[in-house]
Amino acid sequence: MNSTIIGVGASLPLRCMRNSDLPGDLDTSDEWILQRTGIAQRHIADGETTSLLATRAARNALIHAKISPQDVDLVLVATSTGDYTLPATATLVQRNLGLRGAAFDVNAVCSGFIFALDVADSFIKSGKFRCALVIGAETFSRIVDWSDRSTCVLFGDGAGAVVLRAIDDDERGVIFCKIHSDGNYAHQLITDGGVSTTKDAGLLKMSGREVFKFAVEKFHESLMELLAENQMTVADVDLLVPHQANVRIIKKLVELSGVDERKVLVTLDKHANTSAASIPLALNEVKNTVFSAKNVVLLSMGAGFTWGSALIRFQ
Ligand code: COA
């Protein structure tokens with residue numbers, strides 16, 4: 001028994017903020033942001049909550065999968081910007097779509113989608129559930145410090161979702177998923193303001209250079225681990241979807257690994273870094289390519305630090 005992706009959907013807030021639309025007192029420029037990050041614009045929630053974006057993305061994924069909501073028995077939302085401290089955003093999505101079964105959130109920040117995919121895949125392989133909505137949804141615009149040019153320009157809001165269903169085929173579907181964390185790096189990328197430490201809502205703080213270096217190292221290490229454990233080479237990768245943080249991180253990965261740049265998906269120019277939503281949002285951009293590919297590889301790195309990889313075989 002394996003699990004496989006049978007539908008993809010996404011949702012973005014209506015408001016699109018180009019680099020030139022950023023607050024005038026920010027002392028930055030379109031040129032700097034494009035050159036140093038590859039980001040041209042991001043979507044910013046104006047009243048759209050994380051659960052609303054997640055619900056819309058999930059609904060679109062169900063339509064794409066052509067299945068009834070009644071078939072879903074598990075809802076996972078990867079997010080670190082949920083609507084409430086409790087309950088989980090996943091339960092709000094479950095209510096909005098009238099779904100049954102179990103619903104809970106997974107917080108592994110920018111690696112959240114791969115962590116949630118691993119959880120859903122493991123549940124399906126164990127026989128506990130048969131059909132999961134795995135959603136990445138974030139509203140980072142609510143936690144960035146809009147006076148800090150080194151962080152606020154990097155992030156955007158949005159949601160992406162996949163429908164993951166059991167298949168009686170060991171050759172296709174989620175072939176490999178590996179997740180890692182190292183809490184020694186917790187303070188390198190942090191949003192304080194947790195309810196047990198303070199009453200104030202927190203703001204995101206980041207040691208940009210350290211995060212950059214770690215992301216390059218872990219993207220490369222995770223890709224090599226995935227290839228070795230599946231007796232593959234970079235030539236066997238048909239589509240590589242890395243977490244969308246900075247195009248220079250992705251270029252370094254291309255340089256180090258030798259993977260063909262044309263097979264590497266870059267969508268951060270349009271969405272910026274949407275944390276847990278970035279991978280499913282990117283998958284949604286190239287739906288047809290995804291479903292006709294043989295080996296699709298996902299890579300992530302996020303606060304914690306957390307990192308991980310997944311191999312999904314569609315043909
Ligand atoms: N506009 C103009 N200048 C900016 C700027 C901006 N938006 N942000 C930073 N700068 C300035 C800095 O203040 C610094 O100026 P100084 O030399 O006068 O002190 C200069 O640019 C260089 O800063 P540096 O931090 O070395 O830039 P960088 O090339 O490393 O790029 C990041 C900064 C944040 C874009 C980069 O480090 C990065 O992408 N890190 C990883 C971030 C990430 O992916 N996080 C999420 C992981 S899930």
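If you're wondering where the values come from, they're calculated on a predicted model, not measured in any experiment. Scope of the values below: all heavy atoms of this structure, side chains included, with no hydrogens, waters or symmetry mates. Numbers here are sequence positions counted from 1. In listed order, ligands and their atoms are each counted from 1.
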Self-check item: Those atoms of ligand 1 less than 4.0 Å from some heavy atom in T37
Solution: 35 (C)
Quiz item: With no hydrogens and no angle check, do the side chains of E138 and T274 hold a donor and an acceptor under 3.5 Å apart?
Solution: no
Quiz item: Looking only at side chains, do H180 and E221 share a donor and an acceptor under 3.5 Å apart?
Solution: no
Quiz prompt | Exceeds 12 heavy-atom contacts within 6.0 angstrom, atom CZ of R130 | solution = no
Quiz item: Crowded around R165 CZ? As in, over 12 foreign heavy atoms under 6.0 Å?
Solution: no
Exercise. Please write down residue, atom name and distance for the protein heavy atom closest to atom 1 (N) of ligand 1.
Key: T28 OG1, 2.6 Å
Exercise. Classify the contact between S150 and ligand 1 as side chain, backbone, both or neither, using a heavy-atom distance cut-off of under 4.0 Å.
Key: both
Quiz prompt | Residue pair H243 / S278, side-chain donor-acceptor N/O under 3.5 Å | solution = yes
Self-check item: Interatomic spacing from NZ in K270 to CD in E285 - rounded to 0.5 Å
Solution: 3.5 Å
Exercise. Give a yes or no on whether atom 17 (O) of ligand 1 lies under 4.0 Å from any heavy atom of the protein.
Key: no
Quiz item: Applying a 4.0 Å heavy-atom criterion (strictly less than), which segment of I249 is in contact with ligand 1: side chain, backbone, both, or neither?
Solution: side chain
Quiz item: Looking at atom 41 (C) of ligand 1, what's its closest protein heavy atom, distance included?
Solution: G208 O, 3.5 Å
Quiz item: If you measure every N/O of N273 against every N/O of ligand 1, is any gap under 3.5 Å?
Solution: no
Self-check item: Reference residue L204; test side-chain contact (heavy atoms from CB on, under 4.5 Å); the match among I190, D145, L189
Solution: L189
Self-check item: W146 (side chain) donor-acceptor with L26 (main chain) under 3.5 angstrom
Solution: no
Quiz item: Going by the atom numbers of ligand 1, which of them fall below 4.0 Å from some non-hydrogen atom of C110?
Solution: 48 (S)
Quiz item: With no hydrogens and no angle check, is any side-chain donor or acceptor of D83 less than 3.5 Å from a backbone partner on S51?
Solution: yes
Quiz item: So, R15 and D157, do they make that salt bridge, N to O below 4.0 Å?
Solution: no
Quiz item: Is the shortest distance from a Lys or Arg side-chain nitrogen in D27 or R149 to a carboxylate oxygen in the other one below 4.0 Å?
Solution: yes
Quiz item: Do protein heavy atoms approach atom 32 (C) of ligand 1 to less than 4.0 Å?
Solution: no
Practice problem: Note the single closest protein heavy atom to atom 13 (O) of ligand 1, along with its residue, its atom name and the distance in Å. | Solution: R149 NH2, 2.9 Å
Quiz item: N246 to ligand 1: N or O pair under 3.5 Å?
Solution: yes
Quiz prompt | Ligand-side contact atoms (ligand 1) for residue partner V153, heavy atom cut-off under 4.0 Å | solution = 7 (N)
Practice problem: Tell me which protein heavy atom sits closest to atom 45 (N) of ligand 1, plus the residue, atom name and distance to 0.1 Å. | Solution: M206 SD, 3.2 Å
Self-check item: Ligand-side contact atoms (ligand 1) for residue partner V211, heavy atom cut-off under 4.0 Å
Solution: 43 (C), 45 (N), 47 (C)
Quiz item: Per the side-chain contact (heavy atoms from CB on, under 4.5 Å) rule, which among V254, L298, I250, L253 passes with L240?
Solution: L253
Quiz prompt | Atom indices of ligand 1, in the order listed, that fall short of 4.0 Å to a heavy atom of R36 | solution = 29 (O)
Quiz item: Just which atoms of ligand 1 are under 4.0 Å from any heavy atom in H243?
Solution: 48 (S)
Exercise. Within a distance under 4.0 Å of any heavy atom of F212, pick out the atoms of ligand 1 and give their elements.
Key: 38 (C), 39 (O), 40 (N), 41 (C)
Quiz item: Near A245, which atoms of ligand 1 are under 4.0 Å from a heavy atom of that residue?
Solution: 44 (O)
Self-check item: ligand 1 to S29 polar contact by distance, N or O atoms, under 3.5 Å
Solution: no
Quiz item: atom 20 (C) of ligand 1: protein heavy atom closer than 4.0 Å?
Solution: no
Self-check item: Minimum-distance protein heavy atom relative to atom 25 (O) of ligand 1
Solution: R209 NE, 3.8 Å
Quiz item: In the protein, which heavy atom is nearest to atom 28 (P) of ligand 1, and how far is it?
Solution: R248 NH2, 3.8 Å
Quiz prompt | Residue and atom name of the nearest protein heavy atom (relative to atom 10 (N) of ligand 1), distance in Å to one decimal | solution = W32 CZ2, 3.4 Å
Quiz item: With a 4.0 Å cut-off on heavy atoms, is V109 touching ligand 1?
Solution: no
Quiz item: Is the backbone of L265 close enough, under 3.5 Å, to the side chain of Q244 for a donor and an acceptor to pair up by distance?
Solution: yes
Quiz item: Do the ring planes of F305 and Y185 sit parallel (below 30°), tilted (30 to 60°) or perpendicular (above 60°)?
Solution: parallel
